[in-house]
Structure formats: C-alpha cells, structure tokens
Amino acid sequence: MAISTPASIATPITPGTTNATMALTTNASVASGGKVWVLVTWFHSTVTLTSVGDGGSTVFTIDHQSVNGSTHVALVSADYPTGFASGGTLTATFSASGALDQQMAAFYSTGVQSGSGAGYGAIGGSNNASTTWDAGATTVLNGDILIGLSKFEDSVTTTSTATGGNTELADWNNAGGFASTVTYQIGTGASIHAQGTWSNTSAASNGTRSASVAYTAAPTAAGGYAPARISNRMVGPMVQRYYFRQPQVWGSSTGPAILNQTMTADVVAVTASMLKQVNKLVTATTIAVTASFLNQVNKLMTATT
C-alpha cells in the first residue's frame, strides 16, 4: 500500500501561553489505519516535552526531540486502527510551565506501518544566523516517508520555502519573531534531507532547530497484491511471513529485511516442515506402489507354475 499524502487534521496553533500543557482541537477526522503525526515546538533552555495524548488509550511515541540552545522541536506519532473523529483534543504536556513560543500542528497518512518501530533515521540539525534550515541527511527507503519539522527564532516575522524535493505541509508564524514549518518527502532509497529556506535570517544563537524522522510504508506484496500466506494445514504450525515491496523482499510484521540478508530461522523451519510432509507422502506412495507390483508378480508366477 502506498503512503497517502499527509492531510491536516487541525489548524496549526500558536497559543501565546507559557502553560505546562498545550491543546490542539482537530477539525478533520482520521481514516481507519491512519498514522498521526503531532509536531510541537517551543522555546526554553530546560523544559522538555513529556507526552502527547488524546484523552483515551491511544499510545503516542515521541520519535524525536532536540534543541538548539533554547529552540526545541519534537515529532510524535500514534496509530489509529479504527480512526479518530473530528472534534477531538490532542494535548501536549511539558516537563514544567514557562516554555515560550509554543506551537503545534497535526497531520495523518494511511499506508504507514503501525507500531512505534515504524519510525527510523531520526536526526536533528541547527542553523544560526542563516536563512537555511536543514535537519541532516537520512537514507529513506523506496516508498517510505520522511517528515520534517523546523522552528525559527529571531525578532522578525518569517516564512519558509521547502527545498531539496520536500513538500510543505504547514508554515505558521508569529509577529513576535518565531515560526514553525512542517514538510514531507517520499523516499527513493537515496540519502535525502528535510530542508528549506526562511525568508529572514535566524538569530545568531538559538536561531533554528530542525529535525526529521522517516516512517516505513505498510507491507505490500510484489505487484500490489495482498500478501500471500501458506496454509497451516499443509505444513503445520509456522510463523507467517509476507512478501514485501521491492527492494525489500522478506520481512515480518516488525519491519522489512533487505534482500541479501540471511533467511530467518522460522523460514528455514517452515521449509524443513514442508520437506518432511513431502517425504512422508513420497514414502507412503512408494510403499503402496511396491506392494502392488509384488502382488502382481506373485499372481503371474503362480499362474505360470
């Protein structure tokens, strides 16, 4: 399944508070099987993001958070197997009150592998006294998605333009001199960057902090067909395995395996089980054929005698 274009589920906010929590109300629903990304930025030397929640049992994973001086960014994700209705509340909780320049946005895509292990290659980068922002290089496998985030700090209003093959999802600012932007890019197996250009130069210190995380596409069989499975009745108990999209071939529900990796022990066990069943069938057939042949020979000898 191809990853869908990320869709916004809430208007990005700049609450203008220094509270220990920040709440974002969704204005669009999440489809079943959606992967939600919550992007949070703030300004403080020591305050960190401790959690994100929706008031229910959904597990949110902080896939990355980092800082340039006092300029913080965090990328958080969660899975919604049965979707999430519009009008819900996503709440970011900080380690303490006092964080300035708080901002928050949320998006989702379908076709992303579920589980906290779906995110990989998390990286962050800092740029000071510059119009450039760059999270750093990440090798993103073919069909996977790279989500990027950057926060700008200075005393002037600014906007961002995505570069390097990235597409901008959001770009919101405050007249007080800070802004945030979110981007995405679908991987091709090459090393890519979440990056862009600000319309103004960032501060000489605490200027810009950027980050990115790649997420694995949900497994798909070659040719786009649903994954094939071997019948348990044929080979006995086994661990089921799927045929992944190219260039990955064999993998499990925990993630893809590269083509030239050694076959896993459970696949070998399945092969051995299949051979055992075939051997039993061949042996039984051979015995039956041999008995029949000897019976015919015996009849012929008796008649001749």
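These numbers come from a predicted model, not from an experiment.
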Item to check | Validation row: Thr48, Phe94 side chains within 4.5 angstrom (heavy atoms) | outcome: no
Checklist entry - Do Val76 and Val36 share a hydrophobic cluster (ILVMFWY, side-chain heavy atoms under 4.5 Å, transitive)? => result yes
Next on the checklist: Less than 3.5 Å apart, any donor N or O on the side chain of Asp154 or Ser202 sitting next to an acceptor on the other?
Outcome noted: no
Next on the checklist: Working to the nearest 0.5 angstrom, can you tell me the gap between Asn68 CG and Ser126 OG?
Outcome noted: 3.5 Å
Checklist entry - Should Ile145 and Leu149 be counted in the same cluster of Ile, Leu, Val, Met, Phe, Trp and Tyr side chains packed under 4.5 Å apart? => result yes
Next on the checklist: Return the CG to OG1 distance between Asn173 and Thr14, rounded to the nearest 0.5 Å.
Outcome noted: 8.0 Å
Item to check | Asp54 (side chain) donor-acceptor with Thr89 (main chain) under 3.5 angstrom | outcome: no
Checklist entry - Is the shortest heavy-atom distance from the side chain of Met104 to the side chain of Pro12 under 4.5 Å? => result no
Item to check | Derivation and outcome, side-chain hydrogen bond (donor to acceptor under 3.5 Å, both in side chains), residues Ser66 and Arg209 | outcome: CA-CA 8 Å; Ser66 58; Arg209 184 62 185 179; 2.9 Å; yes
Checklist outcome for this item: Interatomic distance, OH@Tyr184 vs CH2@Trp37, rounded to 0.5 Å, equals 10.5 Å
Next on the checklist: Whether the side chain of Thr158 engages the backbone of Asn200 through a donor-acceptor N/O pair (distance < 3.5 Å, no angle test) should be reported.
Outcome noted: yes
Checklist outcome for this item: side-chain hydrogen bond (donor to acceptor under 3.5 Å, both in side chains) with His193: of Asp134, Thr138, Asn166, only one passes, and it is Asp134
Checklist entry - Do Thr11 and Trp172 touch side chain to side chain, with heavy atoms closer than 4.5 Å? => result no
Checklist entry - Is the backbone N or O of Asn128 less than 3.5 Å from a side-chain atom of Thr208, with the two atoms forming a donor-acceptor pair by type? => result no
Checklist entry - Please walk me through it: do Asn127 and Ser210 pass side-chain hydrogen bond (donor to acceptor under 3.5 Å, both in side chains)? => result CA-CA 8 Å; Asn127 299 97; Ser210 308; 4.7 Å; no
Item to check | Within-4.5 Å side-chain heavy-atom neighbours: Gln185 and Thr183 | outcome: no
Checklist entry - Please walk me through it: do Glu153 and Thr71 pass side-chain hydrogen bond (donor to acceptor under 3.5 Å, both in side chains)? => result CA-CA 7 Å; Glu153 286 285 347; Thr71 304; 4.9 Å; no
Next on the checklist: What I want to check is whether the side chains of Ser70 and His72 have a donor and an acceptor closer together than 3.5 Å.
Outcome noted: no
Checklist entry - Do side-chain atoms of Lys35 reach the backbone of Gly115 as a donor and acceptor pair under 3.5 angstrom? => result yes
Checklist entry - Would you say Ile192 and Ile147 are hydrophobically clustered, going by side-chain heavy atoms of ILVMFWY under 4.5 Å? => result no
Item to check | Under 3.5 Å side-chain donor-acceptor pair for Asn174 and Asp101 | outcome: no
Checklist entry - Is the closest side-chain heavy-atom distance between Ile123 and Ser212 below 4.5 Å? => result yes
Checklist entry - So do Val182 and Phe107 actually touch side chain to side chain, heavy atoms under 4.5 Å? => result yes
Checklist entry - Step by step, would you call Thr41 with Ser180 a side-chain hydrogen bond (donor to acceptor under 3.5 Å, both in side chains)? => result CA-CA 7 Å; Thr41 69; Ser180 294; 2.8 Å; yes
Next on the checklist: Check whether Thr181 reaches the backbone of Ala170 with its side chain - one donor and one acceptor, N or O, closer than 3.5 Å.
Outcome noted: yes
Next on the checklist: Donor-acceptor check, side chain of Trp42 to backbone of Val73, threshold 3.5 angstrom: yes or no?
Outcome noted: no
Next on the checklist: In the structure I gave you, are the side-chain heavy atoms of Thr93 and Leu49 within less than 4.5 Å of one another anywhere?
Outcome noted: no
Item to check | Separation between OG of Ser77 and CG of Asp63, rounded to the nearest 0.5 Å | outcome: 3.5 Å
Next on the checklist: Tell me whether Ser109 contacts the main-chain N or O of Ser4 through its side chain, where contact means a donor paired with an acceptor under 3.5 Å.
Outcome noted: yes
Item to check | Parallel, tilted or perpendicular: rings of Trp133 and Trp198 (30°, 60°) | outcome: tilted
Next on the checklist: Is it the case that the side chain of Thr216 and the backbone of Gln113 share a donor-acceptor pair, with hydrogens and angles ignored and the cut-off at 3.5 Å?
Outcome noted: no
Item to check | Leu141 with Leu146, same ILVMFWY side-chain cluster at under 4.5 Å | outcome: yes
Item to check | Sidechain-backbone polar pair: Gln65 side chain, Ile62 backbone, donor-acceptor under 3.5 Å | outcome: no
Item to check | Shared hydrophobic cluster for Tyr120 and Leu75 (ILVMFWY, side-chain gaps under 4.5 Å) | outcome: no
Next on the checklist: Tell me whether Gln103 contacts the main-chain N or O of Phe178 through its side chain, where contact means a donor paired with an acceptor under 3.5 Å.
Outcome noted: no
